[in-house]
Protein chains: 2
Amino acid sequence: MKKKRPSLKDIADALNISTTTVSFVLNGKGEEKKISKELIAKVEAHLKEINYKPNLVARSLRTGSTRVLVFMVEDISNSHFSKVGRIIEDISYKNDYRVLFCSTENDVKRTQDLIHLFHERQVDGFIIVPPPGIEKEISYLLENEVPVVLFDRKIPELEADYVIINNFEGAKQSTQHLIDSGYKNIAFITIDLDQIQMHDREAGYIAAIEEAGFSPNILKIPYDTSNIPSSREKIKKFIKESKDIDAIFFATNYLSQSGLKCIHQIDAKLINKLGIISFDDSNFFEMYSPTVSAFAQPVDEMANQLMKIMFNKLKNKEQAVSSKLVLEGTLVTRESSLKK
Amino acid sequence: MKKKRPSLKDIADALNISTTTVSFVLNGKGEEKKISKELIAKVEAHLKEINYKPNLVARSLRTGSTRVLVFMVEDISNSHFSKVGRIIEDISYKNDYRVLFCSTENDVKRTQDLIHLFHERQVDGFIIVPPPGIEKEISYLLENEVPVVLFDRKIPELEADYVIINNFEGAKQSTQHLIDSGYKNIAFITIDLDQIQMHDREAGYIAAIEEAGFSPNILKIPYDTSNIPSSREKIKKFIKESKDIDAIFFATNYLSQSGLKCIHQIDAKLINKLGIISFDDSNFFEMYSPTVSAFAQPVDEMANQLMKIMFNKLKNKEQAVSSKLVLEGTLVTRESSLKK
DNA sequence: GTGAAAGCGCTAACAC
DNA sequence: GTGTTAGCGCTTTCAC
């Protein structure tokens, strides 16, 4: 026998008052609406007693707002993204928003599905790390005036707001740091993806290398989450075949982690001969032996700026204040990039 | 200037037909309701042209169903859970359900919030790996006849359905395998959590050890995601201080991974002297050197059974068919548990 | 101070 | 075959 969930009306009937009154009390507008203290107390007691849970679907239909934001990143298990996610979640909770997380796996089809799914369910805003090829869906959201903030990378053709870092500068500084430590034959291992942040990192590496009068040495791995072992093989082959390399700059933190395993598997002592630096920091790098240097993104600042822009959009739907932010990261030097 | 999103009514008006007709076509009931082929085609063309997206909040309010399920696990980045999650997602999609994933971090407060959040938003069903202390919320859901299936562990006091494995048997088999390989001094490293699956694994270990006439040697690590380094220290200390240990059985895959790092850090050659087996498999174990033996849960079968029970509940809300499943896992022997 | 009632966008029973 | 309409549970304007 099915117990129907109590509705506002059931409560109003039980208490012999109107739904309006119950609704006001429920939303903490009792005082404001000058409902008597006693009535408020009575209603609240009853709400608590029956453990009333409002139907948020109905509320959303009425108010047009779900108070839900989505945070779509490449891979939520990547510590860079999950750290930012965590801060975003905290800020949102404080402002009475919930956050749904999801991983796009950098796959357009999947991302499209996710965007439609959430848009149809009326989420209030999107924070997206856009995979290549997603321009159309993003413009669709923009046309429909759904708040969108891009993160980690921008889409140059699009009038969308974003918070990114200066990838070129970061990569250049990282490479320069290896050069300053005395390394002369610095390889760059990156992901073969046509995305602006990857191009910028590569360009930064090349700029530093050429300024120093060295020659670039680049390995590009296909982006393919399902095929980690084959990436490993490529990295191993590359390292084994280029015996003269004395340092490696990895373009992402997950590449660094794969790379470190490869280096270890080739020869347990090899890690002590190579200079290593990673773009993007990771908890793992502090625990590794040797500790691994990294170019760290300002996680806290990024999350805060992201939410500032998002809340601004949420509040002033009309007013299109364009916010395009390029932040600077910091070089975190640890043992792996000291001169060996 | 805000472009209002078109509603069913806008379409009906534009086409000079009723919302009913549009609704039927939209839901693929055109044929069934004997709407003329031409009209169907016309409506579909229009829907496509304006890129109509139904307001699923309104639909949910009307139908009482969101076609969303939640999958709540300890840590979605744990490969055991994410594998099951992936299969669940696939099955759900085929049945036109979406799945939301979230991590409870084994924290009651967080899990309560999550359950309320989703329940108020009217999700259709919950698949939950219950953290200790969550009994009350689960019974609340059950009382409200919300479909719930527990996973990975049961709550003995509760009349909730579940799909788990035979932890006792698995742990016993794993331990026995190490004994059969000739190890005599087998330690068990587990998590200090008052949860039945952990007790069962410990009991299985002890049973095998005592049958063989050996004595148990157990290390319990506090469950605390935020404090991985201190867990590492405990494991290292334990291994260093018990010089006579010749094998270790880890109670979870994440413990095994921590443990392997510890062993490596103590002495790179140590791994070749110790017998190792892990409860729960992981992709990582096949890549490691040596490859790591594990007691694998039947991921595919678990996910399928889980969804079978869930769909059964979803379809027959009334009929309470109790489904409590205890599946058997399989021992996957790899290099780490061969006699050294 | 409190209540009546409209309406958010959709579905589906019923009417014609 | 297609249209009319009630109603899902809630918020909020307006009336008293």
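Below, chain A is the first sequence line, B the second, and so on; all start at residue 1.
- For the OP1/OP2 pair of C/dG9 and a distance below 4.0 Å, the side-chain nitrogens and oxygens of B/Ser7 include no atom meeting the criterion.
- For A/Ser77 and A/Asp75, the side-chain atoms include at least one donor-acceptor pair closer than 3.5 Å.
- Other residues, nucleotides and ligands place more than 12 heavy atoms under 6.0 Å from the CD atom of A/Glu120.
- Among pairs with a residue in residues 25-39 of chain A, those fulfilling salt bridge (charged side-chain N to carboxylate O under 4.0 Å, His left out) read A/Glu31-A/Lys37, at least two apart in sequence or across chains.
- Between the CD atom of B/Glu32 and the C1' atom of C/dT11 there is a distance of 13 Å, rounded to whole Å.
- Within 4.0 Å of B/Lys29, counting heavy atoms only, lie sugar-phosphate atoms of the nucleic acid but no base atom.
- Protein chain B contacts DNA chain D from D/dG1 to D/dG9, reading 5' to 3' and using non-hydrogen atoms of the protein with a distance under 4.0 Å.
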With a 3.5 Å cut-off and sequence neighbours excluded, list the donor-acceptor pairs that the side chains of residues 85-94 of chain A form with protein atoms.
residue: A/Arg86; atom: NH1; partner: B/Glu105; partner atom: OE2; Å: 3.2
residue: A/Ser92; atom: OG; partner: A/Ile88; partner atom: O; Å: 2.8

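- Counting to the nearest Å, the P atom of C/dG9 and the NZ atom of B/Lys9 are 11 Å from each other.
- Phosphate contact (OP1/OP2 of C/dT2, side-chain N/O of A/Ser36, threshold under 4.0 Å): present.
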Dot-bracket line, read 5' to 3' along DNA chain C, where crossing pairs take [ ] and | marks a partner on another strand, Watson-Crick or G-U under 3.5 Å
||||||||||||||||

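- With A/Asn51 contributing its side chain and A/Lys48 its backbone, the two residues share no donor-acceptor pair below 3.5 Å.
- By the side-chain contact (heavy atoms from CB on, under 4.5 Å) test, B/Asn16 is found to be paired with no residue, residues two or more places apart in sequence or in another chain being considered.
- Note on residues 148-158 of chain A: pairs passing salt bridge (charged side-chain N to carboxylate O under 4.0 Å, His left out), not counting sequence neighbours, are A/Glu74-A/Arg153.
- More than 12 heavy atoms of other residues, nucleotides or ligands shown are found within 6.0 angstrom of NZ on B/Lys324.
- B/Phe311 pairs by the ring pair (Phe, Tyr, Trp, His ring centres under 6.0 Å) definition with B/Tyr97, not counting sequence neighbours.
- Nearest heavy atom pair, residue B/Gly133 against residue B/Val108, reads O-CG1, 3.5 Å.
- Distance, A/Asn16 CG to C/dA4 P: 11 Å, rounded to whole Å.
- Nucleic acid contact for B/Leu8: base, since at least one base atom lies under 4.0 Å from a heavy atom of the residue.
- Salt-bridge formation is not detected for the pair B/Asp300/B/Lys83: no Lys NZ or Arg NE/NH1/NH2 atom is positioned less than 4.0 Å from an Asp or Glu carboxylate oxygen.
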Run the numbers on B/Asp10 and B/Arg5 for salt bridge (charged side-chain N to carboxylate O under 4.0 Å, His left out), then give the verdict.
CA-CA 9 Å; B/Asp10 296 330; B/Arg5 231 170 107 156; over 6 Å; no

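- For residues 39-57 of chain B, proximity to DNA chain C is found at B/Tyr52, B/Pro54, B/Asn55, defined as any non-hydrogen atom under 4.0 angstrom from a strand atom.
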Assess whether side chain to side chain contact (heavy atoms under 4.5 Å, CB included) is satisfied between B/Ile134 and B/Ile155, documenting all intermediate values.
CA-CA 9 Å; B/Ile134 201 66; B/Ile155 303 181; 4.1 Å; yes

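- Applying the ring pair (Phe, Tyr, Trp, His ring centres under 6.0 Å) definition to pairs two or more places apart or across chains, those involving residues 118-158 of chain B are B/His119-B/Tyr140.
- No donor-acceptor distance shorter than 3.5 angstrom exists from the side chain of A/Thr21 to the backbone of A/Ile17, with no hydrogens or angles considered.
- Contacts classified as ring pair (Phe, Tyr, Trp, His ring centres under 6.0 Å) and involving residues 18-55 of chain B (residues at least two apart or in different chains) are not found.
- Listed by residue number, A/Leu61, A/Arg62 are the residues of residues 58-70 of chain A with a heavy-atom contact under 4.0 Å to DNA chain C.
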Between the protein and nucleotides 13-16 of chain C, list every N/O to N/O distance that falls short of 3.5 Å.
none

